[in-house]
Amino acid sequence: MSLFLIAALPFIGAVFPALLIRAGRNAAASAAGLTTLLAFIGLMLHIPAVFRGETVFAAVDWLPALGLNAHFFLDGLGFLFAAMILGIGLLIILYARYYLSREDPMGQFYSYLLLFQGAMVGIVLSDNILLLLVFWELTSLSSFLLIGYWKHLPEGRQGARMALTVTGSGGLAMIAGMLMLGHIAGSYDLSVILQNKEAIQSSDLYLPALILILLGAFTKSAQFPFHFWLPHAMAAPTPVSAYLHSATMVKAGLFLMARLWPVLAGTPEWFYIVATTGLVTMLIGAVIALFKDDLKALLAFSTVSHLGLITMLLGFGTKIAAVAAVFHIINHATFKAALFMTAGIVDHEAGTRDIKRLGGLRHLMPVTFTIGTVAALSMAGIPPLNGFLSKEMMLEETAHTIWNGSHLIVPALATVAALFSAAYSFRFISHVFLGQKREDYPAHPHDPNTGMWIGPAFLVLLVVLIGLASAKIAGPMVATAAGAVIGGGELPYYSLKLWHGLTPALYMSVAATIGGLTLLALHKPLQRGWNALPRPEAKTIFEALIGALTRISQSVTEGLHNGVLTRYAAIMITFTVAISYFAYLGGTLGAETRQLQEPGALPVVGWFALVVATLFIVAKHRNRLLSLVLIGVVGLVVSMSFNYLSAPDLALTQISVEVVTIILMLLALNFMPKETPVETPALTRFRDGAIAVVAGLGAGGLIYALLMRDFAFPTISDFHLANSYKGGGGTNVVNVILVDFRGYDTFGEIIVLGIAAMVIFALTEAVLNSKVRAYLLNRKPDLPQAGDAHPLMMVVATRVMMPLALMVAAYIFFRGHNLPGGGFIAGLVAAIAIIMQYMASGFAWATERQRYPYHAIIGSGVLIAAATGMGAWFNGKPFLTSDFGYLHWPPLEEFEWATAALFDLGVFLAVVGAVLLALESLSRFAWQPGISSEHAMDINPARDEAAKTGTEG
Amino acid sequence: MELLVASAVGILTAAGVYLILRRRSFPVILGLSLLTYAVNVFLFATGRLVTGAPPILNKYEEVAYTDPLPQALVLTAIVISFGMTAVVVMIALGAYLSSRDDATAMPVEADGAEEEA
């Protein structure tokens with residue numbers, strides 16, 4: 001089966017449980033189980049190749065420019081982990097089916113579980129480290145969902161948050177480390193990186209990259225001082241703990257260290273950081289575990305300790321230690337998953353997992369007792385179980401390890417850790433299963449149904465078989481995986497067997513076992529002493545840290561975003577000016593290549609008008625009506641300068657937009673205060689003025705510098721000038737650019753314009769349907785109203801002008817392809833012609849005569865433009881390819897037809913609709929009872945005449 | 001000529017920024033309009049200033065044309081900025097009518113920090 005499919009199957013499978021849960025819990029569990037089984041079988045099909053020592057590849061280039069490729073590969077190490085993830089996953093799926101109660105949303109559980117499984121499989125199969133990082137983060141996220149699965153438990157939520165914070169921030173550090181690693185190796189593919197040991201270890205970036213990557217691995221694998229999240233994650237349902245926190249997620253960090261072992265290991269830095277951390281973690285975890293009364297907490301700290309053990313072995317950097325590490329990874333996964341499931345069974349059946357309330361369960365739960373005892377003995381390192389074998393190998397390695405010149409310190413501490421490890425394992429057995437049967441269990445303990453114990457039983461069978469016939473059963477697997485870890489080459493000599501003779505390791509083992517039994521006997525007084533000891537509480541420290549960070553970010557946010565929008569604007573403008581200045585400092589400015597042009601009298605007059613009007617606006621902006629009039633002057637000057645500077649199209653557009661904008665603002669001003677109060681002290685105004693002047697100097701200086709120089713690169717405008725007539729059939733290059741060369745942009749812009757109009761319409765609806773409506777209806781105008789709402793002269797004039805204005809719009813529209821004009825300008829002119837009717841004859845009168853809703857006009861405009869564009873498809877051309885030709889119908893002159901004109905019609909309609917919809921929406925605010933007269937004209941001689949003669953006018 | 005245009009852009013920008021930094025929505029809208037002029041003229045001017053050479057092709061003789069591309073960009077920018085102004089005006093109006101207050105700052109909470117003005 002392709003590696004893609006193996007990695008994808010869990011993700012695909014994650015969809016089913018959520019969907020199938022309506023068909024029952026069995027359907028959901030079977031769907032999850034079947035997809036996992038399928039992936040597992042697919043993986044097993046690769047056994048021959050992997051055990052021959054080959055590497056299976058599957059590669060697709062995804063984003064080669066970023067070095068991010070979907071490259072997967074499968075070697076011994078990947079195979080071992082994938083098999084554990086999928087195999088134990090299968091057992092967990094079965095176990096969870098019986099563990100979860102009726103109230104738990106099981107579909108959700110299996111979906112999360114499969115998501116997590118997919119992410120884990122992705123990690124171990126990735127060849128590309130960027131891809132690996134993606135999966136790495138995915139495991140953090142999906143484990144967050146799983147740990148917090150019981151959303152109603154505060155411990156679950158806190159534990160999930162803590163796990164996400166710790167592993168997520170470690171993941172962030174790791175991203176940086178991985179990028180450095182890829183940078184040194186020149187490739188983000190592991191298969192390349194693993195070949196570059198010398199380059200990586202001699203690089204200056206080796207140590208930073210190592211530390212950052214280890215941060216990721218240590219947080220994930222709960223190494224000291226990041227170990228504290230793991231016990232808190234025990235608030236998760238037990239199947240989650242058994243899966244994530246024994247066999248898979250916490251092993252991801254180990255996997256990564258093993259994966260990168262060939263290039264990172266072997267240096268003193270690696271040894272002292274990794275081995276020391278592992279040793280300390282192993283010791284601390286084992287000691288704390290002994291004093292935990294919660295079964296799962298005991299197992300959690302024991303997991304911390306065993307992870308430390310494996311980390312330490314990897315840290316030794318010798319090949320033989322790596323073999324031991326791989327072997328212990330297998331063994332730990334088998335006995336620890338079985339133990340977690342046992343703890344879950346006890347909790348499930350006895351109603352508590354508090355060791356102090358348990359004991360004597362061997363009579364009531366014989367099957368569970370057997371499973372738990374065998375697994376715990378293996379954890380303690382008792383022969384002939386598999387835990388004994390790998391622990392022996394570990395102790396043997398420590399005996400040969402010199403730490404800072406000392407031969408003794410590592411083996412001594414390792415023995416102490418093994419001693420505590422044996423002690424808590426014995427305590428697990430004796431305080432839960434042995435002893436007197438009690439009467440006060442919260443529930444009636446009994447063995448669970450087969451579905452629940454079959455999984456741990458299978459694992460325990462493995463524990464025994466690997467112990468008895470390790471070379472046959474685990475030998476090939478260990479050899480293949482260890483071969484992959486050490487990166488090819490000969491494996492050192494080792495033998496997986498129970499009896500190695502009277503080695504130092506055996507003595508250490510014996511000491512540990514005897515010591516463990518002694519500790520168990522002394523447990524009561526020891527526990528009292530432990531409880532009396534002051535200990536730093538990791539959770540308190542963590543929460544204080546998070547609290548401090550929250551306060552810092554709050555104060556920063558408060559300082560910058562305190563709700564005063566002016567401050568945001570000031571910060572943004574200042575920052576923009578600052579970075580522009582920074583860019584200016586960093587660049588070089590070429591010499592001026594253009595001459596100043598001598599301005600005539602007209603430009604100087606226009607400039608004076610503009611400057612005076614602008615300064616007056618600033619000075620008089622508190623008088624809102626006056627500043628509106630003045631802004632009209634500015635708009636007029638801008639429009640005239642466009643005309644003067646060879647841009648007739650712009651001049652036409654600017655002046656017509658000016659008209660509608662001023663009408664719009666006047667409409668709004670009608671409802672708003674006419675004066676702006678003086679609020680800011682002179683100092684603030686001075687500060688704002690300083691910011692404004694600097695920004696103005698920057699903008700003016702930039703454009704002046706630009707205007708005095710020629711283009712730095714050849715312009716693409718020449719193409720448009722050369723092809724406008726030949727390719728687009730029009731002589732007005734600006735219009736041809738709009739409807740043809742850049743038709744796609746224009747199409748987007750009319751859509752945006754339509755959306756803006758719709759937003760205005762929707763806002764009007766919302767405001768008018770709120771309590772504002774009552775205020776508007778009872779509003780008293782704050783300025784005296786004109787006596788004549790619809791003056792006769794204006795009504796007559798606008799009605800006479802309407803057809804003329806529409807004629808002008810049509811003229812501008814049709815000539816647009818060859819002379820200044822086009823859909824935009826024509827649309828604005830037509831809109832103004834209609835707005836004039838609204839203004840002169842009144843809203844009611846105009847609405848009555850409106851045939852089509854403006855929404856429909858916008859929509860039809862966009863649709864016509866789209867249809868025109870799509871027409872090109874029938875010609876076998878891409879979207880919006882235009883066509884044109886010439887017709888000659890005597891006696892008319894020859895004229896041109898172009899599909900671009902149809903497109904321009906769409907633009908025209910969209911502009912008309914958008915402008916009218918916006919203004920109509922705003923005018924609806926003004927409606928009050930009695931405002932609209934029946935008649936368009938207040939005074940109408942014809943009506944008076946009709947009233948006299950009795951006929952209707 | 002270049003000096004006139006550049007200084008006009010500078011003055012329009014400065015006036016626009018100053019008005020945007022006011023505390024009421026109406027001056028801010030005026031400021032945005034002034035800034036829009038400044039930006040449009042700026043963009044237009046990147047095609048350099050040429051008089052008497054509109055980009056209307058002359059079929060009969062070879063003449064010089066000004067750069068048409070910035071013009072096409074600015075033309076749509078003018079229309080879009082109308083749409084933007086309309087939306088902002090509408091939001092300002094809706095906010096004023098709903099709260100009877102046209103200050104741009106969020107209402108200060110009882111224990112909120114004092115703004116210096």
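Quick note on labels: first sequence line is chain A, next is B, and so on, each numbered from 1.
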Out of curiosity, A:R685 CZ to B:L21 CG, how far, rounded to the nearest 0.5 Å?
13.5 Å
Per-residue contact mode, A:N818 against chain B (heavy atom under 4.5 angstrom):
backbone
Looking only at B:V39, B:T46, B:I20, B:N40, most heavy-atom pairs under 4.5 Å shared with chain A are made by B:T46
Chain A contact via B:P55 - side chain, backbone, both or neither, heavy atoms under 4.5 Å:
both
Please look at B:R100 and chain A and tell me whether the side chain, the backbone, both or neither of the residue comes under 4.5 angstrom of a heavy atom of that chain.
side chain
Go through the atoms of A:V907 and report whether side chain, backbone, both or neither lie under 4.5 Å from a heavy atom of chain B.
neither
Taking CZ in A:F711 as the centre, count heavy atoms belonging to other residues, nucleotides or ligands within less than 6.0 Å. Is the count above 12?
yes
Is chain B contacted by the side chain of A:L565, its backbone, both, or neither, given a heavy-atom distance below 4.5 Å?
both
For A:A757, is it the side chain, the backbone, both, or neither that has a heavy atom closer than 4.5 Å to a heavy atom of chain B?
neither
Considering residues, nucleotides and ligands other than A:F671, do more than 12 of their heavy atoms fall under 6.0 Å from its CZ?
yes
For B:A72 and A:L738, which heavy atoms make the closest approach, and how far apart are they?
O-CD2, 3.7 Å
Could you check whether any side-chain N or O of A:Q597 sits under 3.5 Å from a backbone N or O of B:E2, counting only pairs where one atom can act as donor and the other as acceptor?
no
Taking side chain as everything from C-beta outward and backbone as N, CA, C, O, which of these in A:P677 sits under 4.5 Å from a heavy atom of chain B? Side chain, backbone, both or neither.
side chain
If I measure from the heavy atoms of chain B, does A:F824 come under 4.5 Å with its side chain, its backbone, both, or neither?
side chain
For the interface with chain A, which of B:G47, B:A38, B:G10 has the highest count of heavy-atom pairs at distances below 4.5 Å?
B:G10
Among A:V767, A:V734, A:V733, A:L707, single out the residue with the greatest number of heavy-atom pairs under 4.5 Å to chain B.
A:L707
Which answer fits B:L4, side chain, backbone, both or neither, if we ask what part of it has an atom under 4.5 Å from a heavy atom of chain A?
both
Per-residue tally against chain A (heavy atom, under 4.5 Å) across B:V87, B:L75, B:V17 peaks at B:L75
Which answer fits A:A699, side chain, backbone, both or neither, if we ask what part of it has an atom under 4.5 Å from a heavy atom of chain B?
both
Counting only non-hydrogen atoms closer than 4.5 Å, does A:L776 touch chain B with its backbone (N, CA, C, O), its side chain (CB onward), both, or neither?
side chain
Look at B:V9, B:I80, B:V5 and state which one has the largest set of heavy-atom pairs under 4.5 Å with chain A.
B:I80
For each of B:T51, B:I56, B:T13, B:L34, tally heavy-atom pairs with chain A at distances under 4.5 Å, and name the one with the top tally.
B:I56
Value for CZ (B:R22) from OG1 (A:T676), rounded to nearest 0.5 Å, stands at 10.0 Å
Interchain contact, A:L645 with chain B, by part (heavy-atom threshold 4.5 Å):
both
Could you look at A:D710 and say if it's the side chain, the backbone, both or neither that has a heavy atom under 4.5 Å from chain B?
backbone
May I have the step-by-step check of side-chain contact (heavy atoms from CB on, under 4.5 Å) for B:L93 and A:L667, ending in yes or no?
CA-CA 10 Å; B:L93 181 59; A:L667 269 174; over 6 Å; no
Heavy-atom distances under 4.5 Å only: say whether B:Y37 touches chain A with side chain, backbone, both or neither.
side chain
Return the CZ to CG distance between A:F925 and B:L97, rounded to the nearest 0.5 Å.
6.0 Å
Quick one: what part of B:Y96 sits under 4.5 Å from any heavy atom of chain A, side chain, backbone, both or neither?
side chain
For A:Y775, is it the side chain, the backbone, both or neither that has a heavy atom under 4.5 Å from a heavy atom of chain B?
side chain
Residue selection (most heavy-atom pairs with chain B, distance under 4.5 Å) from A:V752, A:L721, A:L922:
A:L721
Using non-hydrogen atoms and a 4.5 Å limit, figure out which bit of A:R594 sits close to chain B: side chain, backbone, both or neither.
side chain
Between A:E675 and chain B, with a heavy-atom cut-off of 4.5 Å, which part of the residue counts as in contact: side chain, backbone, both or neither?
neither
Within this structure, what is the OG1-CG distance for the pair A:T715 and B:D67, rounded to the nearest 0.5 Å?
4.5 Å
Is it the backbone or the side chain of A:I703 that comes under 4.5 Å from a heavy atom of chain B, or both, or neither?
both
B:S25, part contacting chain A, at a heavy-atom distance under 4.5 Å:
side chain
Of all heavy-atom pairs linking B:S98 and A:K771, the shortest is O-NZ, 3.9 Å
Can you say whether B:L3 sits under 4.5 Å from chain A via the side chain, the backbone, both, or neither, judging by heavy atoms?
both
List the steps, then state whether side-chain contact (heavy atoms from CB on, under 4.5 Å) holds for A:M665 with B:I29.
CA-CA 9 Å; A:M665 298 232 241; B:I29 294 171; 3.7 Å; yes
Quick one: of B:L73, B:L30, B:N58, who has the most non-hydrogen atom pairs under 4.5 Å with chain A?
B:L30
Is the backbone N or O of A:R709 less than 3.5 Å from a side-chain atom of B:R48, with the two atoms forming a donor-acceptor pair by type?
yes
Checking the side chain of A:S646 only, and the main-chain atoms of B:G52 only, is there a donor and an acceptor separated by less than 3.5 Å?
yes
Rounded to the nearest 0.5 Å, how far does CZ of B:F42 lie from CG of A:L702?
4.0 Å
Given A:V911, A:V660, A:T653, A:L828, the one that forms side chain to side chain contact (heavy atoms under 4.5 Å, CB included) with B:F82:
A:V660
Nearest 0.5 Å, please: how far is CG in A:L697 from OG in B:S7?
11.0 Å
Do you know which of A:R622, A:M672, A:H621, A:R624 makes side chain to side chain contact (heavy atoms under 4.5 Å, CB included) with B:R24?
A:R624
